[in-house]
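Notes for the one structure printed next.
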Amino acid sequence: MNQENNKIEVSELYKAFGRKRVLNGVNLSLKKGESLVVIGGSGTGKSVLIKCIQGLIEPDKGSIKIDGFETVGTPRKDCEKYYATMGMLFQGGALFDSLSVWENVAFGLIENQKMPKKQAKEKAIEVLRQVGLGADVADLSPSEISGGMQKRVGLARAIATKPEVIFFDEPTTGLDPIMADVINDLIISSVKKLGAAALTITHDMASARKIADKIAMLYQGKIIWQGTVEEMDKSDNPYVRQFISGSAKGPIKVEI
Amino acid sequence: MFQFKYPENFLRALGKPLVVFISRVGELSEFIARALYSCVTPPFYPRLLLKQIINIGFYSLPVVALTTLFAGMVIALQTHAGFSSYGAESAIATVVLISVTRELAPAFAGLMVAGRIGAAMAAEIGTMRVTEQIDALSTLSTDPYKYLVAPRLLAGVIVLPLLVVIGDIIGIFGGYLVAVYQLDFNPANYINATVNELQLIDITTGVIKAAVFGFVIALMGCYNGYKSKGGAQGVGEATTNAVVTSSILILILNYVITGLIFTE
């Protein structure tokens with residue numbers, strides 16, 4: 001395996017909250033420009049995994065390398081340069097409600113790249129157009145636009161700083177099937193346009209099939225299966241089979 | 001079956017509340033250290049600081065003015081009721097002056113701002129926490145301590161002393177109103193007595209207290225909001241905790257600071 005091609009490399013990652021073990025030795029790597037989708041049921045630690053990678057949660061032990069740089073155990077200040085190359089689309093959008101739509105999109109440009117406001121606004125409107133929103137929404141506040149539009153603004157904010165990796169946390173959850181597909185298309189086109197790598201966590205199989213180069217399945221804090229979409233459809237792994245068929249019967253126990 | 005052979009058993013007997021308490025103290029200490037560090041290291045956000053100053057200071061003026069006005073008035077009335085039988089009515093001006101500047105203005109302003117601002121801070125930051133806006137700040141390479149906490153702490157420490165100085169003036173004016181219009185004192189004598197008795201230490205005591213209270217209010221608002229979890233209910237709890245803890249701390253610290261300054 002070519003180590004230098006890996007944008008992100010996670011090995012033997014452990015994280016527990018109290019007695020609840022969430023990550024139980026996760027091994028995962030993301031190549032440059034690759035779109036990896038991590039599937040798994042609710043509460044299997046998908047969100048914790050991407051929050052660990054972004055330094056939002058400190059793992060108990062293990063290693064996370066970004067461009068070969070070890071971030072676990074390194075002070076956040078020294079990692080900032082590497083974290084700055086990553087963007088994220090949050091599940092609920094997580095737009096700043098005290099700022100207008102364009103200020104949200106331009107946040108990274110103004111606060112970090114110190115771009116002048118006027119130029120940042122033009123840039124924000126340009127990025128908004130890329131995700132299919134007109135200039136008329138730019139001055140609205142996030143609470144004045146619909147959920148689907150909020151997701152698009154969140155996507156615009158994530159890509160505005162031209163990151164090398166973008167994380168998508170359940171990008172299609174809470175959207176109608178058509179809007180979900182629009183978001184999928186936007187994810188594909190914006191990621192391709194940037195040449196960025198994407199790490200998506202989802203339990204929406206239609207979305208996973210559409211945007212993934214590679215799929216990994218997380219179960220009980222471990223990656224139990226990895227492969228392409230075709231390999232997934234042919235796989236005889238009982239866990240994978242149960243998950244993609246969406247059956248209540250099988251080896252995966254659902255805690256009720 | 002209790003055995004106190006080992007410290008572990010002893011702690012186990014004390015149980016989970018102790019562990020929770022100790023971890024809370026640790027968490028708060030770490031929060032204070034990080035918050036103070038972010039106040040003195042760049043990047044600074046002067047625009048956000050100004051916004052907070054206006055929010056805390058300007059919009060709190062009416063409530064602070066009303067509470068200190070009536071506090072001054074009631075002190076004048078009670079002093080008259082208590083001291084007139086000793087023939088020491090001239091003491092009213094002095095009593096109003098000292099009690100308003102040293103105690104009432106800082107305590108009332110502190111409690112009012114705690115209710116108004118502490119709650120709002122906890123609710124705003126708590127909502128940002130549960131809707132992942134704080135995580136979003138981090139992913140956009142912005143330190144939430146510097147962006148959210150530092151401007152609020154600084155604004156609290158800067159603004160509350162100013163509010164208290166204004167409260168001093170209005171409180172003393174309240175005492176004057178009652179003394180002159182209700183108790184028929186000579187206005188010139190009352191003002192003279194007030195000016196003659198006025199000492200710098202009266203004002204500085206109030207201002208020092210106000211700065212400490214401002215810090216406590218902003219700290220409790222930010223801390224409780226920042227650490228809130230679990231959706232709407234969590235934010236509600238954070239808001240309640242912010243107001244209750246800062247109000248209690250204000251009253252305790254009020255006593256402690258008075259003790260430190262006025263007992264040899």
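Below, chains carry the letters A, B, ... as their sequence lines are ordered, and counting in each starts from 1.
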| message | Hydrogens and angles aside, do D97(A) and Q133(B) bring a side-chain donor and acceptor to less than 3.5 Å of each other? | response | yes
| task | State whether the number of non-hydrogen atoms from other residues, nucleotides or ligands found under 6.0 Å of K162(A) atom NZ is greater than 12. | result | no
| Region of T131(B) that comes under 4.5 Å of a non-hydrogen atom in chain A | backbone
| message | For the CZ atom on F173(B), are there more than 12 heavy atoms of other groups (residues, nucleotides or ligands in this structure) within a distance under 6.0 Å? | response | no
| query | Going through the distances and angles, do R76(A) and S138(B) end up as a side chain to side chain contact (heavy atoms under 4.5 Å, CB included)? | reply | CA-CA 10 Å; R76(A) 189 169 171 109; S138(B) 297; 4.0 Å; yes
| Is chain B contacted by the side chain of F96(A), its backbone, both, or neither, given a heavy-atom distance below 4.5 Å? | both
| message | I'd like to know whether CZ of F69(A) has more than 12 heavy-atom contacts from other residues, nucleotides or ligands below 6.0 angstrom. | response | yes
| task | State whether the number of non-hydrogen atoms from other residues, nucleotides or ligands found under 6.0 Å of E27(B) atom CD is greater than 12. | result | yes
| query | If you count the non-hydrogen atoms of other residues, nucleotides and ligands that lie under 6.0 Å from CZ in R116(B), is the total more than 12? | reply | yes
| Would you say the side chain of L56(A) lies within less than 4.5 Å of the side chain of I134(B), judging by non-hydrogen atoms? | no
| request: Mark yes when over 12 heavy atoms from residues, nucleotides or ligands other than F70(B) sit less than 6.0 Å from its CZ; otherwise mark no. | output: no
| task | Indicate yes or no for a side-chain donor-acceptor contact from N112(A) to the backbone of T142(B) under 3.5 Å, with no hydrogens or angles considered. | result | no
| note | In short, E132(B) meets A94(A) closest at the heavy-atom pair O-CB, 3.6 Å
| Do the non-hydrogen side-chain atoms of L140(B) and R157(A) ever get within less than 4.5 Å of each other? | yes
| query | Would you call K146(B)-E111(A) a salt bridge at under 4.0 Å N-O? | reply | no
| field | Validation row: D135(B), F90(A) side chains within 4.5 angstrom (heavy atoms) | value | yes
| note | Honestly, the part of L137(B) sitting under 4.5 Å from a heavy atom of chain A is both
| task | Taking the side chain as every heavy atom from C-beta outward, state whether S141(B) and E80(A) have any pair of such atoms under 4.5 Å apart. | result | yes
| request: Taking atom NZ of K114(A) as the centre, report whether more than 12 heavy atoms of other residues, nucleotides or ligands fall under 6.0 Å from it. | output: yes
| query | Heavy-atom count around F17(A) CZ within 6.0 Å, excluding the residue itself: above 12? | reply | yes
